[in-house]
Amino acid sequence: MESMASLETIIIDEEQVQEQNIALASSNSLVVIPEDDYKWNKYGQRYIKSLQKNRSYFRCVYNICKARKKVDWPPNEPNNLDISYEGDHNHGALAADHS
DNA sequence: CGCATTTGACCCGCGC
DNA sequence: GCGCGGGTCAAATGCG
């Protein structure tokens with residue numbers, strides 16, 4: 001469906017993404033988000049007409065903490081991510097570490 | 001099997 | 001009063 005104009009320029013190394021960033025993508029929109037010590041569950045994704053940007057909503061997967069993460073980025077340039085962390089965690093840093 | 005993720009619909013608030 | 005936008009939640013599905 002996509003004409004694939006010049007999206008080649010935004011190709012990112014999958015390995016690099018897997019090493020230091022979290023790649024939240026389907027196939028079209030590649031979003032590289034710098035993870036933290038917290039885990040988040042995506043609870044919605046919407047395209048903001050007003051800003052002409054995509055907005056992803058993430059929430060902390062912990063003790064109902066009010067911490068929320070919002071990520072906005074232009075559908076044309078996933079490299080221009082705009083991440084906003086708001087709220088406060090009621091627990092220490094979550095850890096995806098299994099050791 | 002569990003978890004994570006995605007999409008849709010619904011709701012609410014605000015603006016005009 | 002109505003419309004639109006934005007935001008959230010829920011459910012379902014897929015994959016590991």
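Values in this document were obtained by computation on a predicted structure and should not be read as measured data. Residue numbers begin at 1 in each chain, while the letters A, B, ... track the order of the sequences.
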What distance do Ile83(A) atom CD1 and Ser56(A) atom OG have between them, rounded to the nearest 0.5 Å?
10.0 Å

Between the protein and nucleotides 6-10 of chain C, list the N/O to N/O atom pairs that are separated by less than 3.5 angstrom.
from, atom 1, to, atom 2, distance (Å)
dG6(C), OP1, Ser50(A), OG, 2.5
dG6(C), N7, Arg46(A), NH2, 2.7
dG7(C), OP1, Arg55(A), NH1, 2.8
dG7(C), OP2, Arg55(A), NH1, 3.0
dG7(C), OP2, Tyr57(A), OH, 2.2
dG7(C), O5', Tyr57(A), OH, 3.4
dG7(C), O6, Arg46(A), NH2, 2.9
dT8(C), OP1, Tyr43(A), OH, 3.0
dT8(C), OP1, Arg68(A), NH1, 3.3
dT8(C), OP2, Tyr43(A), OH, 2.8
dC9(C), OP1, Arg59(A), NH1, 3.2
dC9(C), OP2, Arg59(A), NH1, 3.1
dC9(C), N4, Tyr43(A), O, 3.0

SB check Arg55(A) Asp72(A) (cutoff 4.0 Å)
yes

Can you tell me how far apart OH (Tyr43(A)) and CZ (Arg68(A)) are? Round to the nearest 0.5 Å.
5.0 Å

In whole Å, what is the span from the CG atom of Asn41(A) to the P atom of dC3(B)?
12 Å

Reported CZ-to-CD1 distance for the pair Phe58(A) and Ile33(A), which is rounded to 0.5 angstrom
4.5 Å

CH2-NZ distance between Trp40(A) and Lys42(A), expressed to the nearest 0.5 angstrom
14.5 Å

Which pair of non-hydrogen atoms, one from Gln45(A) and one from Trp73(A), has the smallest distance, and what is that distance?
NE2-CH2, 3.3 Å

Should we count CD of Gln52(A) as having more than 12 external heavy atoms under 6.0 Å?
no

Should Tyr57(A) and Lys69(A) count as side-chain neighbours, where that means a heavy-atom distance under 4.5 Å?
no

Between protein and nucleotides 11-16 of chain C, what N or O pairs are separated by less than 3.5 Å?
none

